[in-house]
Each structure stands twice: as structure tokens, then as C-alpha cells.
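Okay, structure first, notes after.
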Amino acid sequence: FVPASVDDVWALVSTPGRIPEWYPSIASVETAGSGDESTWAARTSTTDSSGKPVRVRPDRLRCQVELVDASPRTRVRWQFVYPDAAVRRPVVVEMALGPTAGGTQVSVVQTWARSTGWRAVVAAPLRPFQRALLWLAAFQTGSAISRAFRQPRLSSGRDGAGYPQE
């Protein structure tokens with residue numbers, strides 16, 4: 001549950017420059033410069049929410065963000081890919097919005113492509129753990145969306161598209 005209107009939540013989850021407000025591992029989003037209006041370049045966060053540094057593998061510092069699908073005011077689907085990683089399995093985050101008394105009900109589903117070949121055999125015993133991690137990531141995303149409306153926005157010196165303000 002998010003204590004804001006569907007329009008306000010839609011503006012948050014469908015605007016690329018606002019992804020860092022609800023997706024914990026993304027620090028900033030810029031245009032990719034390719035002319036494609038559905039793909040953006042992002043930088044991974046190197047600090048946690050309290051400002052403490054976190055270790056990030058060098059191949060996970062850059063992220064490609066793609067708007068896969070959007071139905072205005074009801075559903076949006078984002079794909080996150082780390083282009084420098086040896087194994088590129090996209091993470092897909094889908095959010096469904098629905099009006100409810102006093103705000104908006106947000107359903108978050110996060111998935112990624114499973115391994116194939118010998119990696120699938122090795123990964124099979126870890127599936128319950130992977131499911132728990134996916135649930136935790138989706139829960140954190142949903143909590144971040146709700147938190148964005150419960151706390152006053154901090155001025156980051158950037159506009160809604162992620163560009164520095166003058």
C-alpha cells in the first residue's frame with residue numbers, strides 16, 4: 001500500500017530519472033545517447049541508504065535500463081542488465097498499480113532468467129534460496145516506493161529526468 005494517488009505513484013515508477021528513488025541498487029540514470037527513448041544508462045549505487053560504502057563488483061557498476069512495457073496508470077515493466085558482466089541475465093521488475101481507499105495498491109514482481117546447461121544443474125539446489133532473495137528484493141522495492149511518499153524528497157540537485165539543475 002502506498003499513501004498516494006495512482007497518478008503520483010505512476011509518475012514515480014514510470015519516470016526513468018526517478019528509478020533511484022525506488023530501486024535500491026541504482027544511484028543515477030542518464031540518457032543512453034543512442035536515440036532510443038526506451039533505454040537508459042544507469043550507475044550502480046556504491047553506498048547504502050545510511051551512506052556507508054558497499055562493495056560492488058567492477059562489472060556491476062554500469063547498468064542498462066530498458067522500459068519493456070507500460071500501460072498508463074496500471075502497469076510498468078523495467079529490465080535491468082549489466083552490460084560489463086560475463087553472464088548477462090536481465091532482471092525484470094514489474095509493478096501493477098490499483099486504486100484503493102486512501103492510496104494505491106502496488107504489486108511488485110521481480111524475475112531473472114535462469115541459468116542453462118551445467119549452471120542449471122548446479123543452481124537447482126539453490127532455487128529456494130533464490131526465491132527468497134527475489135521475494136526480499138521485491139519487498140524492498142515495494143517498501144522504497146511507499147517510503148518515497150512518506151518522507152519529504154531530498155533535493156539531490158537533479159531534475160526529474162536525472163539531469164543536473166542549473
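The shown structure was predicted, so the numbers you read here are calculated from the model rather than taken from an experiment.
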inquiry  = Membership question, hydrophobic clusters at under 4.5 Å side-chain separation (ILVMFWY): are Leu67 and Val65 in the same one?
reply    =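 Yes, same cluster.
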ask   = Is there a chain of hydrophobic side chains (I, L, V, M, F, W, Y, each step under 4.5 Å between heavy atoms) that links Val92 to Leu97?
value =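 In one cluster: no.
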Where is the tightest heavy-atom contact between [X] and [Y], given as atom of each residue plus distance?
| X | Y | answer |
| --- | --- | --- |
| Val13 | Met95 | CG1-SD, 3.7 Å |
| Thr44 | Tyr82 | OG1-CE2, 3.6 Å |
| Phe149 | Asp8 | CZ-O, 3.4 Å |
| Tyr23 | Gln110 | OH-NE2, 3.7 Å |
| Pro72 | Trp10 | CA-CZ2, 3.6 Å |
| Thr47 | Val54 | N-CG2, 3.8 Å |

message = Can you tell me how the ring of Phe80 sits relative to the ring of Trp78, calling it parallel under 30°, perpendicular over 60° and tilted otherwise?
response =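 Tilted: the ring planes of Phe80 and Trp78 meet at 30° to 60°.
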To the closest 0.5 Å, what do you measure between [atom1] ([X]) and [atom2] ([Y])?
| X | Y | atom1 | atom2 | result |
| --- | --- | --- | --- | --- |
| Arg77 | Ser14 | CZ | OG | 15.0 Å |
| Arg55 | Arg60 | CZ | CZ | 14.5 Å |
| Arg43 | Ser25 | CZ | OG | 13.0 Å |

Could you tell me whether the side chain of [Y] reaches within less than 4.5 Å of the side chain of [X], counting heavy atoms only?
| X | Y | value |
| --- | --- | --- |
| Pro3 | Arg150 | yes |
| Ser28 | Glu30 | yes |
| Val91 | Thr111 | no |
| Val108 | Glu94 | no |
| Thr104 | Phe1 | no |
| Pro20 | Val29 | yes |
| Pro24 | Thr141 | yes |
| Pro83 | Arg62 | yes |

request  = Ignoring hydrogens and angles, state whether a donor on the side chain of Ser107 or Gln105 is under 3.5 Å from an acceptor on the partner side chain.
outcome  =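 Judged by distance alone, the side chains do not pair up.
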query = Is a side-chain donor-acceptor pair under 3.5 Å present for Ser5 with Asp7?
reply =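 The criterion, which ignores hydrogens and geometry beyond distance, is not satisfied for Ser5 and Asp7.
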Main-chain N/O of Ser71 paired to Thr74 side chain as donor or acceptor, under 3.5 Å =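 Confirmed, Thr74 side chain pairs with Ser71 backbone.
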task = Starting from the C-alpha separation in whole Å, work towards a yes-or-no answer on side-chain contact (heavy atoms from CB on, under 4.5 Å) for Thr39 and Gln64.
result = CA-CA 7 Å; Thr39 304; Gln64 179 182 349; 3.3 Å; yes
ask   = Quick one: which of Thr15, Ile26, Leu12 gives a side chain to side chain contact (heavy atoms under 4.5 Å, CB included) with Glu21?
value =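 Single pass found, and it is Leu12.
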ask   = Taking atom CZ of Phe139 as the centre, does the number of heavy atoms from other residues, nucleotides or ligands within less than 6.0 Å exceed 12?
value =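 No, because the 6.0 Å sphere around CZ of Phe139 holds 12 heavy atoms or fewer from other groups.
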